[in-house]
Undergrad: 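Sharing a structure below in structure tokens format, with a few things to ask.
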Amino acid sequence: MKPTKLTYGILIVIGLIAIGLIVSSLFKSIDKDVAATHTTASSEKKAHPNYPEVQVVTEKAHDKVYSMEIDYPQFQSKKLNKKMNAFVKMAKEDFLHNVEENKQQLKSQEARLAIRSDMQKFSDHIYSVAIHEKSCLHEKQCQDLSDIVIVDSKNNNYINQTEILQDTEQNRGTLFQLLKHAFEQSDKYSEHFSSKKLSEWVYDKDNNFSNMYLADESIVFQFDNNKVIDKEAEITIPFSKMQDVLTDEWKDMIRHESTEGSDNTENSKSTVNKENTRDNDSTENNKSTEDKQEDSTIKQEEKNSNSPSVNQEKHPSSNQKRVALTFDDGPHPQNTPKVLDLLKQYNAKATFFMLGNKVTANATVVKRMKDEGHELGNHTWDHKDLTKLGVAGIRREIEQTNEAIRNAAGKNPTLFRPPYGATNGNIEKIVGLPSILWTVDTRDWESLDPVAILNEVKSHTTDGSILLMHDIHTSTVNGLKSVLDYLVGEGYEFVTVSEIIKT
Ligand code: NI
């Protein structure tokens, strides 16, 4: 039989029905999947709160059995995002694979994946990103994993930790001693610590110190659970103690950064001399010079009743004990406002000894100090040792700074504090402002440790004390609340230096 038009027609109809059935069954199966998992997901991109030039991606997703919350930064360059993106992608895939395999046993949103990232800016183009993953199938079945990426956004590449640490046998030995000491001194970790595991980690020939990142004037080592102790650990070692183990390139870089600060980029007048060390450079030599200078100046001031000096006797008009908090080397764009917030909260007045070269870029912060009743002090233009300058040089250091503060706050500074405590009668005559040292050195620049700062305050503060701190250090800001709490508890009132020295 020859095929007729009718049979063709029938075949076409049958074909169409078949296609229809296939398509509809496909849709149904997709429908079913959606109904079964009900995944809700969102993704959001926002500027980083401290570093607006970097974006932070926040992804959230959950269904009946799991939830995910993921946070990670994105730089402008695709190349610089590669490592972080790969870490996040792998973590997600592993997690979802695990969930899929254990779907039957999982109760409502019991499985969790959390990825968070902490970012620290070391200089205007170098960032450390610590990514931390915690994934749990059940409450008690969790896994931690972390990674550190150091990014150089100017040169568009990554920095390996081994470019920062000079990896020699001797340096590993030094590093072992530093970390051992830090673990043993730590309230949090000392009882879990065994030096055997640390030694195994330090001397492992495959160790490339990829758990190390650059933070605020320190280097941080982040240890995963069970790496060295039976929990996660984070050990911070100040740059000053790491000098010996750094490569030459990074020794220079760190000296440069800590001298210049990262906040005076807008300041074209700034003529910071790289060779110049500062009190917060915290080299051993520097420290002892400052100590000696400090002692001799205090003695000198005690002898000389004509020169303005610290009066430690009780103020006659008040029975309350008083203390003057002083903050040096700022203003700092992020840390100083935090100090001001805390002072406000405690209704505390303080005194800020500022570097002229940081004032203009942070003029609003300086204005705020004045508006909130704090005292403004001159700490020279760029932290020079004035005993090494001639008359014209001293004048320039002081007058430029007075002018910058006056322009920012509408008011001249009322006090002067010599860098390194280094001064003499001649300098004081030229400066023309009361020279103020301190009676309690919290050594905050050296320890970079809130607990150590509080301990210094506890063991040395008396009525009429002048406390020395530095508002440029994040660790000082972090420790300030406990210092304020302690002093309030001891019955102190917080006043400006001029209040304390008034007779
Ligand atoms: Ni200083």
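On a predicted model such as this, the values are computed, not experimentally measured, just so you know. Counting starts at 1 for both ligands and their atoms, following the listed order.
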Undergrad: Which atoms form the tightest heavy-atom contact between D444 and I453, and what is the distance?
TA: CB-CD1, 3.5 Å

Undergrad: Is atom CD of Q345 surrounded by more than 12 heavy atoms (other residues, nucleotides or ligands) closer than 6.0 Å?
TA: yes

Undergrad: Please find out if the Ni ion (ligand 1) and some N, O or S atom of H470 are separated by less than 2.8 Å.
TA: no

Undergrad: Would you check if the Ni ion (ligand 1) lies under 2.8 Å from any N, O or S atom of D328?
TA: no

Undergrad: May I ask you to check whether Y72 and F87 place their ring centers less than 6.0 Å from one another?
TA: no

Undergrad: Identify the residue among H379, H374, H332 that makes a ring pair (Phe, Tyr, Trp, His ring centres under 6.0 Å) with F352.
TA: H374

Undergrad: Among the N, O or S atoms of D329, which one sits nearest to the Ni ion (ligand 1)?
TA: OD1

